[in-house]
Amino acid sequence: MYRACEGVGKLQATVTQVQPGERAAARLGTGQGAVAIALKGVSKVFGSGADAFKAVDDVSVDIRQNEFFTLLGPSGCGKTTLLRLIAGFEHPTSGEIRLKGKDISPLPPFDRPVNTVFQSYALFPHMTVAQNIAFGLEMLRRPKSEVQETVDRMLKLVRMEQLANRRTSQISGGQQQRVALARALAPQPEVLLLDEPLSALDYKLRKEMQIELKRLQSETGITFIFVTHDQEEALTMSDRIAVMSEGNILQIGSPREIYDHPAQRFVADFIGESNFLKAEVVRPLDPGAEIRLPSGATLTAGVPEGMRPAGSVTVVVRPEHARVVADPAAGALRGRLTNIVYFGTDTHYHVELPQDGEFIVRMQNQRGSEASFETGDEVGIEIGDGAPQVLKD
Amino acid sequence: MAEARRIRPFAVRHLPGFPTMALICFVCLYAPIITLVMFSFNESMSMSQWGGFSWRWYVAAWENERVQQASLLSLIVATCASLIATTVATAAALGTTRTRRYRGLTGIYVLINQPLMVPEIVTGVALLIVFAMVKVWTGYTGIGYLILAHTAFCIPFAYLPIRARLESMDATLEAAAADLYATPWMAFRRVTLPLLWPGILAGGMLAFVISLDDVVITEFVKSGGQDTLPTYMLSQIRRIVTPEMNAISTVFLAISIALVTIFFLLSRGKKQ
Ligand SMILES: Nc1ncnc2c1ncn2[C@@H]1O[C@H](COP(=O)(O)OP(=O)(O)OP(=O)(O)O)[C@@H](O)[C@H]1O
Ligand SMILES: [Mg+2]
């Protein structure tokens with residue numbers, strides 16, 4: 001898994017100029033490294049006997065303070081269940097949930113410094129916008145003046161000052177979304193859980209709210225755990241992404257790691273477009289490995305951490321990491337162009353390979369370099385060294 | 001013929017004789033009531049001859065001491081019974097909708113709705129026997145028995161609208177309250193209860209009307225000398241029929257219509 005690399009890498013980047021003795025101190029001191037939520041072997045089984053269903057299966061992950069952490073996965077993979085476990089609406093069948101080192105598994109939701117933005121917003125319909133935002137603070141018995149002050153600040157933060165006294169049924173979807181956010185942020189939780197908060201919004205508003213969310217996260221410094229099944233949203237917003245499938249976390253890493261170095265076929269397939277090729281491992285390198293494609297070409301490939309590849313493997317190549325060239329002999333692969341699709345910014349070339357089926361290449365369109373390919377042409381496909389990624393399965 | 005039948009879809013309204021049947025039903029339902037209301041304003045004593053408009057019978061009823069007592073008892077019993085029934089029904093509705101499904105839930109439904117299924121006369125006789133024993137043991141003969149009996153059969157009427165309201169209410173609102181540090185009690189007071197009010201009010205109103213109306217069970221349960229308005233009227237009508245009864249019935253009708261109308265407005269409006 002790649003998850004260890006990013007944080008440590010970042011930490012070391014800031015620490016390299018420091019003497020070794022100071023390193024430990026720096027690591028302890030920075031907010032970057034401190035763990036906000038730690039899940040240890042958390043499982044959740046619904047039902048019992050014959051219809052027992054494991055919605056979350058032995059999940060372990062450390063979510064760092066002030067991190068924008070995204071749970072990404074297809075419908076029904078257990079994202080909401082995982083959030084509900086952290087919020088306290090469900091209790092784990094086994095495993096442990098720690099908040100800043102303290103085991104919170106036995107605590108009810110109202111005793112956890114964790115707030116949720118619900119998918120349906122769940123705003124209180126009998127209260128105004130301001131009353132909704134004040135609710136959490138009132139329940140915490142904060143003094144009136146402080147409540148008022150915080151509500152004003154939150155209204156400003158989400159740009160809703162004008163609508164403070166509206167009923168929540170009298171505002172638009174995007175505004176409701178912002179009220180839900182302000183309401184959850186007002187008590188200053190340690191961790192904010194967001195369950196597909198943008199899925200009800202139209203495309204344009206969604207883009208705006210994505211930026212808004214990032215802004216709010218950096219301004220408040222609160223840890224965000226964000227659920228989505230939209231890969232683009234996950235890639236653009238997250239510090240780290242956990243890709244889930246059937247109750248398991250398959251891979252955790254920065255958007256770059258997940259995209260460029262998917263460890264499993266499911267991850268590669270779920271995020272972005274992929275070409276899968278069979279290959280032979282020639283010899284391991286450090287890092288990576290040398291592989292031979294069926295065409296005979298040898299290339300260096302990335303290898304998932306902890307894997308010792310040998311024998312025949314599957315590799316993934318992203319469409320934009322390859323180029324179509326006119327000379328069939330020049331590339332790593334050769335095939336026949338079956339389709340050319342123009343997308344404005346780039347063009348997709350569908351190449352039929354003799355053994356591996358269809359291979360898609362995406363090339364950026366540039367002025368003056370209009371490609372001279374035609375369907376039916378024999379072409380070569382150039383794949384750069386390091387572009388292929390070996391998969392675990 | 002076959003052709004024509006295929007074209008016209010089946011609808012009760014198109015059956016031969018439907019309009020006639022409908023008319024007969026309406027006449028049966030409303031003609032007696034209209035007559036009753038009309039003759040409550042009749043100047044003369046006759047129940048068949050119109051002798052001019054007057055408030056005479058209303059005044060007579062108003063000044064009748066026994067009517068006053070019966071009305072008072074009816075109001076006290078209906079108020080107490082509907083208050084208790086609504087409280088119990090609210091708790092029951094919360095207990096049956098805001099929990100995970102548990103064993104025996106169906107049994108609880110049956111228990112709550114028992115008065116809707118068991119014939120009133122059976123309940124009446126059963127209560128008569130039990131209360132008779134209690135009366136012998138304790139010597140108490142007050143209105144407690146009536147209130148208790150009315151509470152019992154009012155509960156399902158209060159329960160149904162409250163439960164309907166709860167079921168249409170988004171349970172994530174309560175989850176959101178808990179998420180925002182509200183203890184279960186605070187979540188109930190600040191979120192569930194305010195949203196549930198229309199249902200509770202509607203349930204209470206319905207229970208009130210049902211209690212006000214009851215004859216059968218009251219007849220069995222009441223102690224000697226006690227009379228609610230309906231049982232008083234029944235006893236009077238057995239002897240002589242005067243337009244005074246029409247006047248009381250008309251007032252009754254007006255109150256019932258008003259309450260039921262409010263009930264419908266409450267249970268229909270405000271439901272998002
Ligand atoms: N209370 C429950 N009882 C039984 N099964 C449940 C319960 N809650 C969730 N599940 C099951 O657990 C699985 C995961 O559900 P969950 O809601 O976590 O999915 P999700 O990843 O959030 O999906 P989506 O993207 O559709 O919201 C589903 O198969 C669901 O049917
Ligand atoms: Mg979900």
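Numbers restart at 1 for each chain; the letters A, B, ... are given by sequence-line order, proteins then strands.
Interface residue Arg183(A): backbone and side-chain heavy atoms are both found under 4.5 Å from chain B. Contact of Ala177(B) with chain A is made through backbone and side chain together, with heavy-atom distances under 4.5 Å.
Ala122(A) and Thr172(B) get closest at one heavy-atom pair: CB-O, 3.9 Å. Scanning all heavy atoms of the two residues, the minimum distance from Asp179(B) to Thr116(A) falls at OD2-N, 2.5 Å. Closest of all the heavy-atom pairs between Gly136(A) and Tyr181(B) is O-CD1, 4.0 Å. Leu123(A) and Leu173(B) make their closest contact through O-CD2, 3.2 Å (heavy atoms, listed as atom of the first residue, atom of the second, distance). Considering all non-hydrogen atoms of both residues, Leu195(B) and His126(A) come closest at CD2-ND1, 3.5 Å.
Distance CD/Gln131(A) to CZ/Arg190(B): 8.0 Å, rounded to 0.5 Å. To the nearest 0.5 Å, the span separating CG on Asp111(A) from OG1 on Thr183(B) amounts to 9.5 Å.
Arg215(A) CZ: more than 12 foreign heavy atoms inside a 6.0 Å radius.
When side chains are defined from C-beta on, Asp170(B) does not count as touching Phe118(A), because their heavy atoms never get closer than 4.5 Å.
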